[in-house]
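One structure below.
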Amino acid sequence: MRAYDIIKHKRDGKALAPESIRAFLNGYLAGEVPDYQMAALLMAVFFRGLTPDELNAWTDCMLRSGTVLDLSDIPGAKIDKHSTGGVGDKISLPLAALVASCGVKVPMISGRGLGHTGGTLDKLESIPGFETDLSIDRFRKQLADIGVSMIGQTSSLAPLDRRLYALRDVIAAVESLPLIASSIMSKKLAAGIDGLVLDVKVGSGAFMKNVDEARALAETMVAIGARMNKRVVAVLTDMNQPLGRAVGNSLEVEESLAVLNGEGPDDVVELTMVLGAQMLVLGGIAASTAEARPLLREAIERGRACATFETMVLAQGGDPAVVRDPRRLPRAAQRDEITAARAGYLQSIDTEQVGIAAMQLGAGRTRVDSPIDPAVGLTVQARLGEQIEKGQTLVVMHSNPGSNKDKARALLQDAFRVGPEPPPPAPLILEVVAPQGARE
Ligand code: URA
């Protein structure tokens with residue numbers, strides 16, 4: 001089939017044969033199919049979707065578009081975690097070290113923040129000296145020696161995803177379930193993992209604003225994993241308020257260190273435990289999440305989780321003293337409070353706006369290449385449903401001279417809604433999607 005015929009076939013709602021998908025995508029990678037034809041096919045997929053067989057062939061092609069790491073010579077199960085992105089989502093930091101300290105290998109390949117969501121690499125790099133662009137050899141050695149390594153996406157892993165994502169971004173084809181699922185799964189599976197826990201965020205600060213969309217994405221990704229013989233579980237979690245109190249890079253590292261020291265906000269601790277328990281089960285360390293939780297608690301209480309994080313920081317060139325003394329992290333020069341204009345209950349938080357406010361202060365990026373300030377951000381002082389007094393502090397802005405404080409203040413004043421009635425209680429953990437529940 002010619003590229004034209006493949007586009008027409010999909011445009012007309014007909015399923016493509018795996019070999020047609022392979023020919024088109026490999027042709028694009030080789031420069032034989034131009035951007036305009038690739039863009040047309042992406043838009044046809046956006047409107048028509050992909051059948052499970054098409055999705056499998058599409059993901060497989062993306063995954064094999066570059067190096068596929070083979071970590072099988074490193075003993076132990078290799079299990080990663082991926083979050084679809086939220087505000088204040090620093091879970092990867094305490095989680096990776098905690099799970100590694102319990103005997104699962106965690107080869108974590110993470111991204112940078114873009115728009116209202118933060119990125120694990122930016123958070124880690126707020127630790128002075130911390131390097132995230134390790135060579136694959138160093139990554140492998142560290143994984144074998146310490147059990148955890150956290151690095152950035154290398155150009156050799158799933159390069160087709162990077163090209164397709166850039167194209168989707170400029171043709172308004174990002175919000176497509178099969179394209180999101182294949183993008184996430186191809187990069188993760190190219191890293192040579194045995195299993196993956198997906199944290200699919202739902203709510204005002206997430207990509208997926210409602211549970212049905214999030215469940216469909218989770219089921220699709222779990223099904224891709226099952227078809228590729230990988231152990232994949234998804235947890236749908238609430239993102240109608242920032243996770244924890246800290247939003248912004250060094251502030252989030254400090255909060256993560258608190259969790260590793262047995263402290264930290266309840267929601268950050270609980271989500272770390274929930275995802276960690278799933279990782280221990282996938283890694284074969286525990287038979288059930290109930291059996292896994294005491295193992296995780298013990299690793300924190302005995303200081304093993306914190307020690308593993310410290311060893312990782314040292315191995316990746318960072319200042320390990322930060323772990324015992326977070327005051328060594330970059331600090332913003334100014335603090336300003338946003339207070340409640342009326343008394344009542346905190347009814348809703350436009351969490352995406354909170355993320356954008358943090359970005360305006362300099363904690364995140366408007367474009368992939370914009371610089372960030374590791375010190376700035378927000379500390380959120382109120383939780384949904386909390387009774388609020390007039391004049392009570394809702395959020396503190398941590399800023400530096402380059403921060404756009406006026407814009408951030410306006411966004412925050414608008415984002416917190418205080419009203420006469422408390423909102424219905426919102427559970428943090430909404431659902432777990434395991435392989436047997438996956439849609440075929
Ligand atoms: N995150 C990804 O990695 N890919 C997408 O397509 C969307 C979000």
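In listed order, ligands and their atoms are each counted from 1.
Scanning all heavy atoms of the two residues, the minimum distance from G276 to L296 falls at C-CD1, 3.6 Å. Of all heavy-atom pairs spanning L198 and M221, the tightest one is CD1-CB, 3.6 Å.
Between the side chain of Q316 and the backbone N or O of E131, at least one donor-acceptor pair lies under 3.5 Å.
Any N or O atom pair closer than 3.5 Å counts here, and H82 shares no such pair with ligand 1. Checked by distance only, ligand 1 and R168 come closer than 3.5 Å through their nitrogen or oxygen atoms.
With a 6.0 Å cutoff to the six-membered ring centre and a 45° limit on the axis angle, R163 counts as a cation-pi contact of Y28.
Under a 4.0 Å criterion applied to the non-hydrogen atoms of K187, ligand 1 contributes the atoms 2 (C), 3 (O), 4 (N). Residue contact check: Y165 has heavy atoms under 4.0 Å from atoms 4 (N), 5 (C), 6 (O), 7 (C) of ligand 1.
Nearest to atom 8 (C) of ligand 1 among the protein's heavy atoms is F207 CE1, 3.4 Å. The single protein non-hydrogen atom nearest to atom 4 (N) of ligand 1 is S183 OG, 2.6 Å, given as residue, atom name and distance. Closest to atom 1 (N) of ligand 1 among all protein heavy atoms lies I184 CG1, 4.0 Å.
Counting non-hydrogen atoms of neighbouring residues, nucleotides and ligands closer than 6.0 angstrom, the NZ atom of K141 reaches no more than 12 such neighbours.
In the model, T379 has a side-chain atom that pairs as donor or acceptor with a side-chain atom of H398 under 3.5 Å.
Judged by the shortest distance from any of its heavy atoms, V174 lies outside the 4.0 Å radius around the atoms of ligand 1.
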